[in-house]
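The structure appears right after this line, and notes come after that.
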Amino acid sequence: MPSTGWIPKIVPYGADQTVYLVVDRLGQLGSVYRETENERTELEPIITDLMSGQFNDPVRIVAFNTLEHWSEDVSRQVAEEIQARCDIDGVVVPEHVSDFVASHTGRIRQLSLRFA
C-alpha cells in the first residue's frame, strides 16, 4: 500500500480554544475523563451538564489549551460557580453534585435533623 504522507492530527484545526474534561467516577469501573462535543467546549455547557445530572460522580474538571501549552484544574472555580448560582436562586445544591461542590469549596452540606 503506497504511503500518501498524510498523518492524522491529534489536535483538530482551530484548536486555539480551551477544552474542558470532567473526571467522572463510574463506581467499581473506576474513573474516566469525559469530554464534550467539540462545539460545546466552553465552560457554560459543562456547568449546565453538571447541574442537570449528566455526569455520574464528577471528581475534577481540567481545562487545557494545546496551542498555548497550558492546563489547569478548574474544579474549585466550577464548584464555586455552582454554589453561587444555587445561592442566588435560593435552592440547595443538587444532590448529584453536592459532593463535588463540598469537596472543592470546603463547604460541608448541612443535614436537617427532625425532632420527634
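One finds the OG atom of S52 at 12.0 Å from the CD1 atom of I47 (value rounded to the nearest 0.5 Å).
Looking at I46 and I61, their side chains come closer than 4.5 Å, going by heavy atoms from C-beta outward. Using a 4.5 Å heavy-atom threshold, the side chains of Q77 and E81 count as separate. Counting heavy atoms from C-beta outward, V78 and L43 have side chains that approach closer than 4.5 Å. Looking at P58 and V97, their side chains come closer than 4.5 Å, going by heavy atoms from C-beta outward. Put simply, the side chain of V62 does not reach to within 4.5 Å of the side chain of Y20, judged on heavy atoms.
Proximity of a side-chain donor or acceptor of D24 to a complementary backbone N or O of F55 within less than 3.5 Å is not detected. Between the side chain of D49 and the backbone N or O of Q54, no donor-acceptor pair lies under 3.5 Å. A donor-acceptor distance shorter than 3.5 angstrom exists from the side chain of N65 to the backbone of L67, with no hydrogens or angles considered.
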- prompt: Yes or no on salt bridge (Lys or Arg N to Asp or Glu O under 4.0 Å) for E72 and R60, after CA distance, side-chain angles and deciding distance?
  reply: CA-CA 11 Å; E72 179 182 2; R60 181 171 317 285; over 6 Å; no
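With sequence neighbours left out, the salt bridge (charged side-chain N to carboxylate O under 4.0 Å, His left out) criterion links R76 to E80.
The two residues T105 and A79 come nearest to each other via the heavy atoms CG2-CB, 3.6 Å. Scanning all heavy atoms of the two residues, the minimum distance from V74 to A63 falls at CG1-CB, 3.9 Å.
Listed by first and then second residue, the ring-ring contact (aromatic ring centres under 6.0 Å, His included) pairs that reach into residues 59-103 are F100-H104, sequence neighbours excluded. Here ring-ring contact (aromatic ring centres under 6.0 Å, His included) pairs that include residues 73-93, with residues two or more places apart or in two chains, number zero.
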